[in-house]
Amino acid sequence: MTVRTRFAPSPTGRLHLGNVRAAAFNWLLARQQGGSFLLRIEDTDIGRNVPGGEEMLIEDLRWLGLDWDEGPDIGGPHGPYRQSERDASYARAVERLAASGAAYACFCSEEDLEGEAEDFGEGRTALRYSGRCRALAPSERARRVAAGEPHVIRFAVPEAVSVVEIEDEIFGDISFPTSDIDDFVLRRSDGRVTYNFAVVVDDIEMEITHVVRGVGHLSNTPKQALLFDAFGAPRPVFGHLPTVLGPDGKKLSKRLGATAVAELRSHGYPPDAVLNYLSLLGWSHPEEKEVLTRAELIASIGLDRVGRSDTQLDPEKLRWVAAQHLASEPLAELAAHMRPFLDLARFPGAGEHLEAVVDTLRTRLSTYGDINAHLELLYPPEEEAMEKRRALGADPEVRRVLEAVRARLAAAEVWEAAPLDQAVRAGGADAGVKGAGLFHPVRVLLIGSEKGPDLGKVLASIGRHEAFRRLAQALG
RNA sequence: GCCCUCAUCGUCUAGUGGCCUAGGAUAACGCCCUCUCACGGCGUAGACCGGGGUUCGAGUCCCCGUGGGGGUACCA
């Protein structure tokens with residue numbers, strides 16, 4: 001049996017990290033097993049749909065590298081992949097259940113049901129449907145339907161089963177008494193089907209073998225399991241993932257900007273790092289490794305090591321994971337990834353020696369977008385820097401050192417970090433200084449601070465022209 | 001109300017009755033490396049929600065409580 005998993009979001013727009021985490025698990029599982037991963041759009045609730053939501057969602061998934069084998073944009077043998085386009089399937093499914101007696105028309109209006117309201121206490125009430133239309137004679141039912149009387153289609157919870165047993169790969173075996181499940185609505189009076197019904201019909205027709213989703217759906221699972229049974233279809237393997245909470249421990253909301261995928265992308269987080277971090281939410285590697293490549297993730301992921309308690313997003317740890325991923329990237333690749341984030345208006349010179357710049361700054365960067373925040377180190381505000389350089393030039397002792405260094409730099413044949421570092425040291429030797437007495441004034445001259453990266457790297461980063469320009473401000 | 005479910009350092013987690021004096025990671029702090037910064041290395045501090053059982057022995061099993069989450073919709 002080949003594994004088929006799916007990600008089935010409603011097109012409410014940007015994906016938040018909880019959803020993406022579910023998508024990631026499904027994708028990783030499918031790739032590990034050599035199976036298929038499908039994308040399905042659950043747009044049965046019109047009120048929830050956001051214009052362009054599907055496009056944004058697809059964009060986010062693509063960026064993360066979670067590619068699907070069947071979906072609304074590329075089609076596939078089990079389409080359509082948008083619930084709003086699957087009316088024919090749902091109609092057939094309703095027929096089948098009605099024919100077998102597992103579903104029936106109910107004519108009760110919402111007002112009729114009010115009378116059956118149960119008091120929860122504290123003013124809260126619930127409508128638990130008694131199933132009274134279930135007792136209607138088939139002929140009467142047919143007559144009223146034919147007469148065009150408004151009705152919904154309800155599922156007839158089988159009287160023969162007293163408990164629904166769910167086997168969950170993550171939460172274990174759970175039983176739900178059927179006495180707590182009333183005859184729920186399958187199709188609304190306006191003809192639209194409900195979520196619980198649509199998912200099951202879709203999962204059956206799309207031959208989904210593994211349903212991996214958030215625990216929020218665990219309570220729906222018995223209803224869905226009953227439907228699979230009523231259709232005579234095998235139940236898929238279920239796996240419910242613990243909830244992902246925001247850094248504040250509260251539920252993820254759309255306005256929690258920092259947790260949206262699009263936000264991470266715009267900040268320059270590497271997609272592989274995001275995937276890595278997300279996989280660590282609720283799951284742990286058998287050897288507790290935490291920095292994992294995409295391939296390692298595919299090889300080691302599994303529902304058996306997923307925990308059951310809710311997890312909180314930790315932006316600090318995400319940054320750390322991202323930094324680890326950057327650290328292992330080859331310099332040329334890193335520079336290429338950073339180029340689109342470069343703010344050339346602020347740092348016009350940086351583009352010319354990008355590789356050297358990235359090499360100098362890379363140990364302090366966690367994301368591609370971090371480059372600008374640290375570029376100021378190499379390109380301090382001009383006015384202030386100029387003042388410091390003049391002050392340096394005014395000190396005869398310092399001036400002597402800087403001149404010696406400048407002479408050595410002028411003689412440099414290649415403008416690269418290692419030889420430049422040697423040149424600075426040689427200049428110091430010429431002037432009879434070394435250590436802090438040499439490096440500090442040179443560093444203040446170059447970047448306006450005694451603290452900072454190795455001077456050879458700084459010189460290589462700013463380039464020959466800029467280096468002499470800064471020297472000239474002190475020495476004339 | 002009723003049903004389901006969760007509970008280890010601030011956070012992510014390891015842990016499936018003795019290996020736990022509860023391990024790792026992150027964040028914090030300190031030391032080392034180094035001209036300095038960053039990286040890195042080493043170290044310090046920090047947790048089994050509470051109460052009852054079961055057992056020779058419980059973070060691990062059971063029950064109750066507390067707290068959190070979900071369902072109980074013609075929401076998904």
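Residue numbers begin at 1 in each chain, while the letters A, B, ... track the order of the sequences.
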key: Inter-nucleotide C1' distance (B:rG23, B:rC35), Å rounded   = 39 Å

message = Say we look at B:rG69 and B:rA76: how far apart would their P atoms be, to the nearest angstrom?
response = 23 Å

inquiry  = Please confirm whether the shortest side-chain N or O distance from A:T243 to OP1 or OP2 of B:rG69 is below 4.0 Å.
reply    = no

query = Can you tell me how far P of B:rA76 sits from CG of A:D202, to the nearest Å?
reply = 12 Å

query = Nearest-Å distance, NE2 (A:H240) to P (B:rG70)?
reply = 14 Å

note = In whole angstroms, the gap separating P of B:rC39 from CZ of A:R362 amounts to 14 Å

salt_bridge(A:R82, A:E42) N-O dist < 4.0 Å = no

inquiry  = Check A:R399 with A:D395, please: is the shortest side-chain N to carboxylate O separation under 4.0 Å?
reply    = no

query = Is there a donor and acceptor pair closer than 3.5 Å between the side chain of A:E288 and the base of B:rG23?
reply = yes

query = Taking the side chain of A:R188 as its heavy atoms from C-beta onward, which of B:rG70, B:rA76, B:rA38 lies nearest to it?
reply = B:rA76

Whole angstrom value for the distance that separates P of B:rA38 from CG of A:L378 = 16 Å

Pairs: protein N or O with nucleotides 3-7 of chain B N or O, under 3.5 Å:
residue: B:rC3; atom: O4'; partner: A:D180; partner atom: OD2; Å: 3.3

query = Which pairs with one or both residues in residues 435-456 of chain A pass salt bridge (Lys or Arg N to Asp or Glu O under 4.0 Å), sequence neighbours excluded?
reply = none

inquiry  = Quick check on the 6.0 Å ring-centre criterion: do A:Y195 and A:H217 meet it?
reply    = yes

query = Quick one: which of B:rU72, B:rA76, B:rG69 gets closest to the side chain of A:K223?
reply = B:rU72

Could you go over nucleotides 25-31 of chain B and give all protein N or O partners under 3.5 Å, atom names and distances?
residue: B:rA25; atom: O4'; partner: A:E290; partner atom: OE1; Å: 3.1
residue: B:rA25; atom: O2'; partner: A:E290; partner atom: OE1; Å: 2.2
residue: B:rA25; atom: O2'; partner: A:K317; partner atom: NZ; Å: 3.0
residue: B:rA25; atom: N3; partner: A:K317; partner atom: NZ; Å: 3.2
residue: B:rU26; atom: OP1; partner: A:W320; partner atom: NE1; Å: 3.4

Do any N or O atoms of the protein come closer than 3.5 Å to N or O atoms of nucleotides 34-36 of chain B, and which pairs are they?
residue: B:rC35; atom: O2'; partner: A:H440; partner atom: NE2; Å: 3.4
residue: B:rC35; atom: O2; partner: A:R443; partner atom: NH1; Å: 3.0
residue: B:rC35; atom: N3; partner: A:R443; partner atom: NH1; Å: 3.4
residue: B:rC35; atom: N3; partner: A:R443; partner atom: NH2; Å: 2.7
residue: B:rC35; atom: N4; partner: A:R443; partner atom: NH2; Å: 3.2
residue: B:rU36; atom: O2; partner: A:R443; partner atom: NH1; Å: 3.3
residue: B:rU36; atom: O2; partner: A:E450; partner atom: O; Å: 3.4
residue: B:rU36; atom: O2; partner: A:G452; partner atom: N; Å: 2.7
residue: B:rU36; atom: O2; partner: A:G452; partner atom: O; Å: 2.9
residue: B:rU36; atom: N3; partner: A:R443; partner atom: NH2; Å: 3.2
residue: B:rU36; atom: N3; partner: A:G452; partner atom: O; Å: 2.6
residue: B:rU36; atom: O4; partner: A:D454; partner atom: OD1; Å: 2.6

query = Is there side-chain contact between A:D314 and A:Y277, with at least one heavy-atom pair below 4.5 Å?
reply = yes

query = Separation of A:I166 atom CD1 from B:rG71 atom C1', in whole Å?
reply = 13 Å

query = Do we get A:K223 above A:F155's six-membered ring, with its NZ or CZ under 6.0 Å from the centre and within 45° of the axis?
reply = no

ask   = Between A:E288 and A:H285, is there a donor-acceptor pair closer than 3.5 Å when you use the side chain of the first and the backbone of the second?
value = no

request  = Determine, step by step, whether A:R213 and A:F7 satisfy the side chain to side chain contact (heavy atoms under 4.5 Å, CB included) criterion, reporting the C-alpha distance in whole Å, the side-chain angles of both residues, the deciding distance to 0.1 Å, and the verdict.
outcome  = CA-CA 8 Å; A:R213 72 244 282 197; A:F7 177 51; over 6 Å; no

query = Which whole number of Å gives the distance between the P atom of B:rC19 and that of B:rU72?
reply = 45 Å

remark   = For A:H151, the ring-ring contact (aromatic ring centres under 6.0 Å, His included) test, sequence neighbours excluded, returns A:F107

ask   = Are A:H210 and A:F37 close enough, and set up right, to give a ring pair (Phe, Tyr, Trp, His ring centres under 6.0 Å), and what steps lead you there?
value = CA-CA 10 Å; A:H210 292 66; A:F37 173 63; over 10 Å; no

query = Nearest-Å distance, NZ (A:K457) to C1' (B:rC37)?
reply = 12 Å

request  = With heavy atoms under 4.0 Å as the rule, sort A:L281 into base, sugar-phosphate or nothing.
outcome  = sugar-phosphate

task = Tell whether A:S189 reaches the base of B:rC74 with its side chain through a donor-acceptor pair below 3.5 angstrom.
result = yes

Using residues 321-331 of chain A as the side-chain source, report each donor-acceptor pair under 3.5 Å to any protein atom, sequence neighbours left out, with the distance given to one decimal.
residue: A:H325; atom: NE2; partner: A:N276; partner atom: OD1; Å: 2.8
residue: A:S328; atom: OG; partner: A:H325; partner atom: O; Å: 3.1
residue: A:E329; atom: OE1; partner: A:H337; partner atom: ND1; Å: 2.8
residue: A:E329; atom: OE2; partner: A:Y368; partner atom: OH; Å: 2.5

key: Short side-chain to backbone donor-acceptor contact, A:T178 and A:I181, under 3.5 Å   = no

